[in-house]
Structures are given as C-alpha cells and as structure tokens.
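Each remark here refers to the structure printed beneath this line.
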Amino acid sequence: MLLQSQSHSLRPLTTAHLAQTMTLLGLTALELRQKVEAELAANPALELVNEHRCPTCHRRLPPSGPCPICSQPKHPESEQPIVFVSSREDFRTYGIRSSGDELPDEEWTAATEDLPTYVLRQISPELEVQDRQLAAHILTSLDEDGLLSVTVLEIARYHHVPISRVENVLHLIQRADPVGVGSPSTQEALLVQLSVLSETRAVNPVTERAIREGMDLLSRHAYPELGRLLGISSVKAQKIAQFIGENLNPFPGRAHWGDIRHGTAAKTSYQNPDVVISKLRESTNTALVVEILSPFAGTLRVNPLFRKALSEAPKDKTEEWQSDLDQASLLVKCIQQRNNTLVRLMQRMVVIQRDFILNGDAHLYPVTRARLAEELDVHESTVSRAVSGKALQLPNGRIVPLSKLFDRSLHIRTALRQIVAQESKPLSDTQISKLLDKQGYSVARRTVAKYRAMEGILPARFRHQNLVHQ
DNA sequence: CTATGGCACGGATT
DNA sequence: AATCCGTGCCATAG
C-alpha cells in the first residue's frame with residue numbers, strides 16, 4: 001500500500017522528467033523553439049523574461065556574472081574552450097536587414113531554412129557589415145537552381161557601389177557550402193566547384209579547359225568533338241565528362257548539403273546550426289568559443305504571479321492550474337538539463353576535436369558516442385540523441401552535421417585523398433593500403449576500395465587517364 | 001594473373 | 001533490436 005502510493009506520487013514525476021529531457025535533447029534548436037512557443041501560448045504558468053545583453057558583443061548574458069566573451073580577453077591564450085548557451089539573435093537578422101529593420105519572426109520558425117539564409121550564415125563572419133545588403137540582394141536573386149539571375153552590374157548600380165565590391169561579396173558566396181552558388185551560369189558554377197575541388201584532390205587540368213571552352217559540347221554529350229577541341233581522344237573526353245558528372249553539379253541550389261555528389265539528390269534543405277564554434281582570437285592557440293544556440297531570447301521560467309494566484313484559484317480550476325504549473329516547471333527543468341547536457345558534451349568534444357575544428361578533416365580524432373558517454377557518465381542513448389539531427393558551425397563558416405565529430409574513418413579518408421593527390425602514377429588499392437599502413441592506419445584492401453568510392457575517387461585504371469597527358 | 005566491385009557475415013555502434 | 005562498418009570470399013573485367 002505504502003509502496004504503491006510512493007510509486008504513484010514519485011514515479012510519474014521522474015519518468016516524465018526523464019522522458020521529456022530525452023525528447024528535448026533530441027530536438028534541434030529550431031524544433032525546440034517551436035515547442036517552447038506552443039507551450040508558451042498554451043500554458044499561462046510559463047513566462048519568458050527578457051534578459052540583459054552584453055553591450056559590446058550583443059550576446060545574451062548568463063543569469064549572473066559578466067559576459068563570457070568580453071570578460072575573457074585577460075586570458076586569451078587559454079586552452080579551455082568557453083562554452084555557453086546563447087540566443088544569438090543577431091543571426092536572425094542576417095536574413096534581409098534593410099537599414100536596421102528586424103526580420104519578421106516567420107522567417108525563422110521553419111525547422112530548415114532557405115538557401116539564402118543558409119549561405120548568408122556561413123559567410124557572415126567574413127562579411128563586412130556594410131556589405132550585408134549586397135549579400136542579401138545577391139542571395140535573394142537566386143533562382144531555384146542556385147544561379148544568379150541578375151547581373152553584377154545591376155546590383156552595383158542599385159546600391160551605388162563599385163562593381164568590385166559586389167564581386168568580392170559574390171566570390172565569398174560562391175565558395176560557401178553549396179559550392180558555386182550564386183554563379184551567373186552553370187559554366188561558372190562548375191569552374192568554381194572545380195577550383196575548390198582541386199584544393200583537396202588531384203584534378204586533370206584538361207577538365208578546366210573542357211568546361212571553359214567546350215561547355216556546349218559537354219552538355220550535348222558530343223564527346224568526339226570535345227576531344228578534337230581539346231586535342232585528346234574521344235574516350236578521354238568522355239572520361240572527363242564522367243568526372244564532371246560525378247563530382248560537380250551545375251545547379252548548386254539542388255545539391256544537398258555536405259557532399260556535392262549526384263545532382264539528383266532532391267533534398268534542398270539546409271540546416272541551421274545548433275552549435276556555433278568560433279575563435280576568440282585569430283591566433284593558433286586561441287581559446288574556442290562554443291555557443292549552444294538557444295532557440296528563444298531571454299529566460300523561460302515559471303511565472304511567480306501565477307504561482308501565487310494558485311492559492312486563490314477558483315475551486316473548479318485548481319486542478320487545472322496545478323497541472324499547468326507542474327508542466328511548466330517540468331519544462332523549465334528539462335530545458336535546463338538539455339542545455340546542461342549539451343554544454344558538457346560540447347565542452348568535452350571541443351577539447352577532443354580541437355585539432356579538427358581548427359585544422360580540418362585530416363585531424364579528426366575518431367571517438368565513439370559510447371566512449372564519450374562513458375566519460376561524461378551519461379547513457380549512450382543520451383549522447384546519441386544529443387547529436388542526431390543537429391548541426392555545427394565551424395570557425396571557418398562551414399556547417400556540418402554534429403555527427404561528423406564521431407566519424408570513425410574521416411581522417412583515414414583524408415589521408416587516402418592526400419595519397420592519391422600526391423601519387424605520381426596511379427596506385428592500386430593494395431598499394432594504397434600498404435601506404436596507409438605505414439602512416440599507422442591499417443585498413444584492409446577492400447576497405448580502401450570503399451573509402452575510395454566514398455570520396456568519389458576513380459579506380460586506378462581510370463585515374464590513369466585523368467592524369468597529365470604528356 | 002591482378003585489380004576491383006558485389007554480396008554477405010560478424011562484430012561494433014547506436 | 002536495428003543499423004552501420006570493416007572485411008573476406010568470389011566473380012568478373014582487364
């Protein structure tokens with residue numbers, strides 16, 4: 001009897017607590033925002049109070065104490081990341097800010113954002129404030145394929161600025177994630193992609209000429225003529241076309257985020273980051289600033305007035321009000337817990353992956369969610385939920401899935417890419433396997449083949465034709 | 001005979 | 001419990 005009553009009064013609270021924390025953890029910042037908004041509207045016991053902002057950096061201040069960023073410069077060389085929850089409202093207005101006007105809220109509520117916002121977010125760190133309007137103009141003038149439908153000249157005239165300034169902004173945009181986005185033509189999109197690609201991979205130099213001079217032949221699949229134009233055989237021309245088809249995408253707007261593989265990938269959704277990492281300073285050993293984006297500005301709390309009012313509630317309402325109150329405080333607790341978990345997770349993660357965050361793919365340290373869970377003393381599924389579906393913005397502006405931090409083979413794959421890029425003559429998978437082994441990565445030959453495929457690298461016998469032709 | 005992709009199995013991961 | 005991933009074996013192409 002006693003036992004039962006206990007389990008009735010205690011259990012529901014803890015299980016509900018756990019269940020809700022779990023679901024909240026699985027939500028991205030934007031999904032959470034929707035939930036909070038709905039709850040806010042439905043539950044009078046909840047209250048959102050505005051908070052102070054740091055006057056210098058405009059970030060939301062923690063409940064007490066100084067701004068975590070601006071108070072930091074005294075120890076700029078700290079190895080320890082600064083992790084905090086931020087509402088980062090300034091991001092919201094990056095959309096289309098015409099002379100200080102705030103963006104309507106609807107622009108922000110979608111769980112996935114549109115292409116312009118997505119790109120703007122990436123380039124904003126490098127974007128001069130006065131160029132934001134230019135960027136907004138360009139980005140809103142994209143057609144559905146991600147190509148620019150107006151000319152640079154028109155934009156420059158409209159804003160009364162030199163063409164070069166518009167071009168600079170455009171250059172930034174083109175190299176942002178759907179690489180080539182904002183190019184005036186499919187041809188230029190391909191060229192931009194090719195130049196970005198050639199930074200990480202060996203690319204046959206003829207490819208560029210093929211795009212530059214033989215674009216129309218290329219699109220008509222007229223390989224013999226293309227070969228004649230470039231002075232190579234028809235077969236080789238076809239190989240080049242194949243390479244282009246597999247690695248480049250003439251319609252950047254159609255590419256899914258992440259890989260620029262087959263343009264058939266229909267998903268045109270771009271995710272908002274849930275976590276933003278930036279450098280405090282430009283130095284190598286700078287502290288990293290990690291912001292866990294909070295989806296609403298201010299603090300969510302239980303309305304103290306409502307709590308008071310409960311004692312004077314009309315009889316028929318007390319039960320309802322009580323449940324509202326319970327629900328509200330539960331939600332608040334759970335959100336705090338969610339934030340707490342996320343902060344702890346990122347704190348650890350940033351230390352582990354510091355090299356990767358600063359220096360790129362090759363330095364990714366393979367960690368499993370299980371190991372991290374053990375270190376943080378939480379359940380594996382907690383880590384899983386916290387990571388899944390979320391996105392992370394790196395200091396270089398790239399937005400990657402948070403799960404990339406748990407990629408077990410990325411570093412090996414980049415090593416492989418380097419080997420292939422530096423090879424003087426095409427190496428077979430077996431040879432590559434041996435080379436990787438020397439670098440400390442022991443992978444089976446068969447696995448090399450898989451990685452190769454993942455990276456879109458052709459088999460040795462095809463690579464041969466793609467190399468410089470003497 | 002060598003290089004590579006397909007299939008499938010087992011163990012790790014989620 | 002379901003899924004992912006590395007790997008071995010085998011068929012096939014060159």
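First the proteins, then the strands, lettered A, B, ... as listed; each starts at 1.
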Tabulate below the donor-acceptor pairs under 3.5 Å that side-chain atoms of residues 359-367 of chain A make, not counting sequence neighbours, or state none.
| unit_1 | atom_1 | unit_2 | atom_2 | d |
| --- | --- | --- | --- | --- |
| A:D361 | OD1 | A:K404 | NZ | 3.4 |
| A:Y365 | OH | A:R371 | NH1 | 3.4 |

Check your understanding: Could you state the CZ-P distance from A:R446 to B:dG5, rounded to the nearest angstrom?
Key -> 7 Å
**Study point:** Partner set under side-chain hydrogen bond (donor to acceptor under 3.5 Å, both in side chains) for A:Q347, not counting sequence neighbours
**Key:** A:Q80
Review point. Is any side-chain heavy atom of A:D326 closer than 4.5 Å to a side-chain heavy atom of A:L330?
Key: no
Point to revise | Donor + acceptor pair across side chains of A:Q336, A:N340 (<3.5 Å) | key: no
Check your understanding: In residues 340-350 of chain A, which ones come under 4.0 Å of DNA chain B, going by heavy atoms?
Key -> none
Point to revise | All side-chain hydrogen bond (donor to acceptor under 3.5 Å, both in side chains) counterparts of A:E39, not counting sequence neighbours | key: A:Q327
Practice item. Go through DNA chain C in 5' to 3' direction and return only the first and the last nucleotide with some atom under 4.0 Å of chain A's heavy atoms. Key: C:dC5 to C:dC9
Review point. Checking all strands, does A:V443 fall into the base, sugar-phosphate, or nothing category for heavy-atom contacts under 4.0 angstrom?
Key: sugar-phosphate
Check your understanding: Quick one: the side chain of A:R452 and the base of B:dG5, do they pair up donor-acceptor inside 3.5 Å?
Key -> no
Check your understanding: What pairs with A:E208 under salt bridge (charged side-chain N to carboxylate O under 4.0 Å, His left out), at least two apart in sequence or on another chain?
Key -> A:R212
Check your understanding: Salt bridge or not for A:E31 and A:K35, using N-O below 4.0 Å?
Key -> no
Check your understanding: Which residues pass the ring-ring contact (aromatic ring centres under 6.0 Å, His included) test with A:Y451, sequence neighbours left out?
Key -> none
**Study point:** Results of side-chain hydrogen bond (donor to acceptor under 3.5 Å, both in side chains) for A:E47 - residues two or more places apart only
**Key:** A:R301
Point to revise | Interface with DNA chain C, restricted to residues 427-440 of chain A and to heavy atoms under 4.0 Å | key: none
Practice item. Scan for ring-ring contact (aromatic ring centres under 6.0 Å, His included) pairs involving residues 409-447 of chain A, sequence neighbours excluded, and state none if there are none. Key: A:H411-A:Y441
Review point. At under 4.0 Å between heavy atoms, what does A:S409 touch on the DNA or RNA strands: base, sugar-phosphate, or nothing?
Key: sugar-phosphate
**Study point:** Over all atoms of both residues, closest heavy-atom pair of A:A328 and A:V302
**Key:** C-CG2, 4.1 Å
Check your understanding: Mind checking whether A:R446 and A:S433 have side chains closer than 4.5 Å, heavy atoms only?
Key -> no
Exercise for review: Using side-chain hydrogen bond (donor to acceptor under 3.5 Å, both in side chains) as the criterion, list what pairs up with A:R175, not counting sequence neighbours.
Suggested key: A:S195, A:E199
Point to revise | Per-nucleotide protein contact string for nucleotides 8-14 of chain B, where B marks a base within reach and S marks sugar-phosphate only (heavy atoms under 4.0 Å, - for neither) | key: B----SB
